[in-house]
Amino acid sequence: MSEQGTLPRRVVELLTAAGQTVAAAESLTAGLVCASLAEVPGSSVVLRGGLVVYATELKHELAGVSAALLEAEGAVHPEVAAQLAAGVRERCRSDWGLGLTGVAGPAPQDGVAPGTVHVAACGPDGRHARTLEISGDRDAVRTGAVRGALVLLAEQLG
């Protein structure tokens, strides 16, 4: 099995063992995190749902990201990822929330270079975030963003 298939399986196993659930608020990945987890047999025990918030205003309207933050910093910012994670956790009533935002390219967005991705996990022990610089085309950036979010969650789960 490829790493791309192994990582979601590992996350589902870790969540199942912990008796915990997850939801994701996804911008540039547009549902790929939830789709990758849903491919794992038994994922219905741990996957609560998700929000695809591709449009900037939906980050605020659906996930509760601060409108002032979006106005001041734009949609691609570490705090936006953290607020996406916290918002989806609350709205989907999950133990963990994942937030992903970034620029898949090929052009910059709001002055942010393609390949810049922010991922965050919000859970029982607080918020964890990281910034990734992923090279390659749109597919590589989006796939790398999914991997980055799942790695971050797996690290928190142990």
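Reckoned from all heavy atoms, side chains included, excluding hydrogens, waters and symmetry mates. Positions are given from 1 along the sequence.
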Original post:
Does one hydrophobic cluster hold both Val146 and Leu84, with members joined at side-chain heavy-atom distances below 4.5 Å?
Top reply: no
Original post:
Would a 4.5 Å heavy-atom cut-off, applied to side chains only, mark Tyr54 and Lys59 as touching?
Top reply: no
Original post:
Side chains of Thr101 and His118: do they bring a donor and an acceptor to under 3.5 Å?
Top reply: no
Original post:
Given the rule that I, L, V, M, F, W and Y join up when any side-chain heavy atoms are under 4.5 Å apart, are Leu100 and Leu15 in one cluster?
Top reply: yes
Original post:
Which atom names give the shortest non-hydrogen contact between Val33 and Ala24, and what distance separates them?
Top reply: CG1-CB, 4.0 Å
Subject >> Same apolar cluster: Leu32 and Trp96, side chain cutoff 4.5 Å >> reply: yes
Original post:
Which atom names give the shortest non-hydrogen contact between Ala145 and Thr29, and what distance separates them?
Top reply: CB-CG2, 3.8 Å
Original post:
Under 4.5 Å between side-chain heavy atoms, hopping through other hydrophobics if needed: is there a path connecting Val53 to Leu69?
Top reply: yes
Subject >> Partner of Val119 by side chain to side chain contact (heavy atoms under 4.5 Å, CB included), out of Leu98, Leu153, Leu132, Leu150 >> reply: Leu132
Subject >> Salt-bridge present (Arg142, Glu26; N to O < 4.0 Å) >> reply: no
**OP:** Kindly work out whether a path of hydrophobic side-chain contacts (I/L/V/M/F/W/Y, heavy atoms less than 4.5 Å apart) joins Leu51 to Val76.
**Re:** no
Original post:
Do the side chains of Val80 and Leu70 get nearer than 4.5 Å, heavy atoms only?
Top reply: yes
Original post:
So, for Arg91 and Gly64, which heavy atoms are closest and what is the spacing to 0.1 Å?
Top reply: NH2-CA, 3.4 Å
Original post:
Between the side chains of Gln83 and Ser66, is a donor N or O closer than 3.5 angstrom to an acceptor N or O?
Top reply: no
Subject >> Closest contact, heavy atoms only, Ser36 versus Pro8 >> reply: O-CB, 3.5 Å
